[in-house]
Amino acid sequence: MSSGPPIHVLRLGHRRERDKRITSHLGLTARAFGADCFHLAGEEDSNVLETLASVTDRFGGDFEARHEKRPLGWLRRFANEDAGDGSPGVAIHLTMYGQPWREVIPMLRRDRPMAIVVGGAKVPGEVYGICQYNVGIGNQPHSEVAALAVFLRDLLPTGSSPFEFPGGEIDIVPSVSNKHVNQVGINEDE
Ligand code: SAM
């Protein structure tokens, strides 16, 4: 998770049967690339939320994943009233129709919580108006996972030091050719 104000990812339009893998990958990408909280909207899906909670338990950090029953209400409140500390936050909608991300990122206030919105099924037109920014990772159709990864990577360049994920049971040690896994209390080279 990032060191600044919290970064939220709001996943719209989850379809339990059709999107289970991609929404899980979206949550894992949000976590690994520095977001603090993942809000799953659309069909409830305890499997996805349990997968994300299990990864956080095993690999550390305090990433949260939850279901959001009323995503547009949540987003409207976040962008206009209260991003969690009583003041509005910055809402960014990733869409192929948006402005170039490299132009938008330098314009973003970094002292306020952010909500990054990605779609699934048909994205309601209202989202474009609620969000202060509509941002394209290029203007070709691709995937919410790719869009989120590229945006977060450029928003939160980690440089040489990756994000901190304290308190996990597993710590991966980068290796040239092996799987080097440190387990809390047990060192294990595979
Ligand atoms: N059917 C959806 C709609 O009504 O817009 C879009 C489906 S698209 C596969 C799923 C999501 O991926 C989009 O809502 C958007 O968040 C993201 N996405 C896809 N291509 C993108 C691009 N070029 N730039 C930014 N986000 C993109």
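Please read all numbers here as calculations on a predicted model, not as lab measurements. Keep in mind that the numbers below use all heavy atoms, side chains included, and drop hydrogens, waters and symmetry copies. Counting convention: from 1, in listed order, for ligands and their atoms alike.
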Are any side-chain N or O atoms of [X] and backbone N or O atoms of [Y], one a donor and one an acceptor, separated by less than 3.5 Å?
X: E43; Y: R16; result: yes
X: T51; Y: N47; result: yes
X: D171; Y: V181; result: no
X: E164; Y: P166; result: no

Distance-minimising heavy-atom pair for H93 and C131 |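 Scanning both residues, the minimum pair turns out to be CB-SG, 3.7 Å.
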Could you pull out the closest heavy-atom pair between G42 and H67, with the gap in Å?
-> O-NE2, 3.0 Å
Judged by heavy atoms only, the candidate from V145, L94, D19 nearest atom 16 (O) of ligand 1 is L94
Between E144, R11, Q140, which one has a non-hydrogen atom sitting closest to atom 10 (C) of ligand 1?
->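 Comparing heavy atoms across E144, R11, Q140, the nearest one to atom 10 (C) of ligand 1 lies in E144.
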Counting from 1, what ligand 1 atoms have a heavy atom of A147 closer than 4.0 Å?
-> 25 (C), 26 (N), 27 (C)
Provide the number and element of each atom of ligand 1 under 4.0 Å from a heavy atom of G138.
-> 22 (C), 23 (N), 24 (N)
Would you list the atom pairs, donor with acceptor, under 3.5 Å between side chains in residues 120-130 and any protein atom, with sequence neighbours excluded?
residue	atom	partner	partner atom	Å
E126	OE2	R76	NE	3.3
E126	OE2	R76	NH2	2.5
Y128	OH	T95	OG1	3.3

How far is [atom] from its nearest protein heavy atom, and which residue and atom name does that atom have?
atom: atom 20 (N) of ligand 1; value: H142 N, 3.1 Å
atom: atom 11 (C) of ligand 1; value: G119 O, 3.5 Å
atom: atom 5 (O) of ligand 1; value: V123 CG2, 3.8 Å
atom: atom 24 (N) of ligand 1; value: I137 N, 2.8 Å
atom: atom 1 (N) of ligand 1; value: G120 O, 3.7 Å

Decide whether the shortest distance between a heavy atom of L148 and an atom of ligand 1 is less than 4.0 Å.
-> no
Name the orientation class of the two ring planes belonging to H8 and F78 (parallel below 30°, tilted from 30 to 60°, perpendicular beyond 60°).
-> perpendicular
When you look for heavy atoms under 4.0 Å from ligand 1, do you find them on the side chain of [X], its backbone, both, or neither?
X: H93; value: neither
X: S143; value: backbone
X: L12; value: neither

